[in-house]
Every structure is written in structure tokens, then in C-alpha cells.
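Following: one structure in C-alpha cells, then a few remarks.
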Amino acid sequence: MLPILMRARVAIITGAGSGIGKACALALGREGFQVALVGRRAELLAQVEAAIGEAGGTALAVPTDVTDEAAVVACFEAVRQRFGRVDLLFNNAGTGIPPAPIDEVSLADWQSVVDINLTGSFLCAREAFRAMKAQTPMGGRIINNGSVSAYVPRLNAVAYTATKHAVTGLTRALSLEGRPFDIACGQIDIGNAQSDMTQGMAAGMLQADGERQPEPVIDVNHVADAIVYMASLPLDANVQFMTVMATKMPFIGRG
């Protein structure tokens, strides 16, 4: 068995079955990471696991609902049992609801977004901290998927906007608490990367003035390249916040 210092780094990616998570899992696998694939859809995780294996990498599918505390604890334990440690967590799982003014948003819809975008990120970050503080060598990196909505809202998106602003607070808190333990935490804020959530952008997105306009998107692999860069840094260096977005999307000057 190789000494810990010679082992490949271990990454956990939530929402790894499709879109941004899948692209980042494949990219990290190509870079030599052992990749734990976390998400609710086991069949999609299995496909990504197979793709990484066919490319010569190592992956482990761990079907998990990130809103379930016991399931998250079990997930991290399974990863440690298989790979021995946790070097990187990409908190990527997220969701939204159809656009609606706040007075038409049900509590159930609000809670579903909070549970995945915020509570799920907290639960995974907590378990990552527990692993990273206890392992030898100590430390690791957490990257949270924020969004340009962590800075500027879209119209009729109160739940998504509020949770993404809260993710920024989580990132800052983790950065501060992680210092004594060599745990670095940064955030990637993505604007219009092509995924399941952005399929309707070419047809038209609701703008601040109430009109609908098509919006450009970028290849999701640009996001994966950014994650690989952030993950490749030594733990004494950190990208605190990075924005990767379609150049011509209506973000700067939105509203």
C-alpha cells in the first residue's frame, strides 16, 4: 500500500451525475484525482463512474441525498473507507423552482431550495471539516458553487437568490474556521454554463424589466477547467471567489 503522501488526491463532488458536476468529475479524474460521485440519481452516477474508469481513472458512485444528515455522514464514511481521506469537496448540488413572485412562492417550494442549496452544502462541508481535521496530513479544500445570483438577483427568483447569497456567507465562514487546520475554502460563481438548468436560455429568460430575452451560454468545460485550477493549488494558496460567465450575458448592469 502506498504511503498517504504518495496517494492520489481524493475529491467528493455533489450533483455529479450531470451538468457542471459531471464535467468537473471527468476533468478531475483526468487529472489523477480519485473521485467520489455524489447525487440522488444512481443510474447517472454509474455512467460517470464508468466513463472515468474507461479513461483510466478511479471513481466511486455514492448515491446520496445531501439533504439527509444520516445519508451525508454515511457517504463521507464510505469515501474514507474506500480512499482513506478527503482532499477536496466540490459543493455543487443545487436546485431552483419555476420563476414566481414572492407572494406566490409556497413554503414547501422555498424549503426545497433551502434544503438542497444551503443545508446540503452545510452538511457536506461539516463532514468534510471533520475528515480534513482528523486525517494525516491534515487539511483539504472546499469549493462551493455559488452563482452570479449570489451577487445580483434574477426577477422572481427569491429562493434561489437568497440561498446563493447564503452560500457566500458559508464560504466566508468556512474560510475563517479552516485557517488553523489547513482547510482552504473558495467559491466559484457561474453564469450561464450549459446544463440542464440553462436549457431554456436560448429561447428567452425573464429580464429585470419583465421582458424575455435570449441569453448566451458557455461550454460547461470552461467551468471544469476553473475547478481543476482551484483544486490544483497548494493549501497555502486559495482562490477565494472566481466568476466564470458568458461574456455577453446580462449580469454586469443587470437591472
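Side-chain atoms of H165 never come within 3.5 Å of backbone atoms of P153 as a donor-acceptor pair (strictly under, hydrogens ignored). In this structure, T161 contributes its side chain and V158 its backbone to no donor-acceptor pair below 3.5 Å. A donor-acceptor pair is defined here as one N or O able to donate and one able to accept, closer than 3.5 Å; no such pair exists between the side chain of S121 and the backbone of T119. Looking only at distances, a side-chain donor or acceptor of D68 sits under 3.5 Å from a matching main-chain atom of A71. Formation of a donor-acceptor pair under 3.5 Å by the D87 side chain with backbone atoms of G140 is not found in this model.
Shortest non-hydrogen contact noted between E49 and A59 is OE2-O, 3.3 Å. When all heavy atoms of A224 and A27 are compared, the pair lying nearest together is CB-CB, 3.9 Å. Across every non-hydrogen atom of G32 and A8, the tightest pair is O-CB, 3.2 Å. A pairwise comparison of heavy atoms in G139 and L235 identifies C-CD1, 4.1 Å as the closest pair. Between A16 and V48, the closest heavy-atom pair is O-CG2, 3.6 Å. For the residue pair A246 and N192, the shortest heavy atom distance occurs at CB-CB, 4.2 Å.
With hydrogens and angles left out, the side-chain atoms of E31 and S232 include no donor and acceptor closer than 3.5 Å. Donor-acceptor pairing under 3.5 Å is lacking for the side chains of Q47 and E43. Residues Y160 and N117 have side chains that never bring a donor and an acceptor to within less than 3.5 angstrom of each other. Looking at T136 and R85, their side chains never bring a donor and an acceptor atom within 3.5 Å of each other. Donor-acceptor pairing under 3.5 Å is recorded for the side chains of D189 and Q187.
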Trace of the salt bridge (Lys or Arg N to Asp or Glu O under 4.0 Å) decision for R126 with E69:
CA-CA 10 Å; R126 187 186 67 179; E69 180 180 19; 2.8 Å; yes
Would you sort out whether V152 and F251 count as a side-chain contact (heavy atoms from CB on, under 4.5 Å), showing the intermediate values?
CA-CA 8 Å; V152 181; F251 169 57; 3.8 Å; yes
Determine, stepwise, if the pair M230 / I188 fulfils side-chain contact (heavy atoms from CB on, under 4.5 Å).
CA-CA 9 Å; M230 295 171 77; I188 187 164; 4.3 Å; yes
Run R82 and T58 through side-chain contact (heavy atoms from CB on, under 4.5 Å) and show every step you take.
CA-CA 11 Å; R82 171 69 180 274; T58 302; 4.0 Å; yes
Assess the residue pair C185 and N144 against the criterion (side-chain contact (heavy atoms from CB on, under 4.5 Å)); give the C-alpha distance rounded to whole Å, side-chain angles, the decisive distance to 0.1 Å, and a yes or no.
CA-CA 8 Å; C185 183; N144 291 328; 3.9 Å; yes
Taking it one step at a time, do E215 and R154 satisfy salt bridge (Lys or Arg N to Asp or Glu O under 4.0 Å)?
CA-CA 13 Å; E215 293 189 11; R154 284 192 180 274; 2.8 Å; yes
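There is no path of hydrophobic side-chain contacts, each under 4.5 Å, that joins M132 to F90. One hydrophobic cluster holds both F241 and M245 under the rule that ILVMFWY side chains link at heavy-atom gaps under 4.5 Å. Put simply, V220 and L26 are part of the same group of oily side chains (I, L, V, M, F, W, Y) that touch within less than 4.5 Å, one to the next. Grouping the Ile, Leu, Val, Met, Phe, Trp and Tyr side chains by contacts below 4.5 angstrom, directly or via other members, places V10 apart from L28. In the hydrophobic clustering of ILVMFWY residues, with side-chain heavy atoms under 4.5 Å counting as a link, V148 and I20 come out apart.
Between V38 and F76 the shortest side-chain heavy-atom distance does not fall below 4.5 Å. In this structure, the side chains of Q213 and P250 stay at 4.5 Å or more apart for every pair of heavy atoms. Contact of the N238 side chain with the R141 side chain is registered, since non-hydrogen atoms from C-beta on lie closer than 4.5 Å. By the 4.5 Å heavy-atom criterion applied to side chains, L45 and P63 are counted as neighbours. Taking 4.5 Å as the limit, some side-chain heavy atom of V73 sits within range of a side-chain heavy atom of E127. Two residues are said to be in side-chain contact when any heavy atoms from C-beta on lie closer than 4.5 Å; V35 and L37 meet this criterion.
The number of heavy atoms from other shown groups lying within 6.0 Å of CG (L176) is above 12. In K164, the NZ atom is crowded: over 12 heavy atoms of neighbouring residues, nucleotides or ligands sit closer than 6.0 Å. Within 6.0 Å of atom CZ in R80, more than 12 heavy atoms from other residues, nucleotides or ligands are found, so the atom counts as buried in its surroundings.
Note that CG of N145 is 9.5 Å distant from OG1 of T171, once rounded to the nearest 0.5 Å. Rounded to the nearest 0.5 angstrom, W110 CH2 and D115 CG are separated by 11.5 Å. The distance from the CD1 atom of I13 to the CG atom of L88 is 7.0 Å, given to the nearest 0.5 Å. From F181, atom CZ reaches atom CE of M138 across 7.0 Å, with rounding to the nearest 0.5 Å. Considering CD1 of I97 and CD of E104, their distance stands at 11.0 Å, rounded to 0.5 Å. Expressed to the nearest 0.5 Å, how far CG of L170 lies from CG of N91 amounts to 7.0 Å.
Applying the side-chain contact (heavy atoms from CB on, under 4.5 Å) test between C124 and each of T14, I12, N92, I142 identifies T14 as the sole match.
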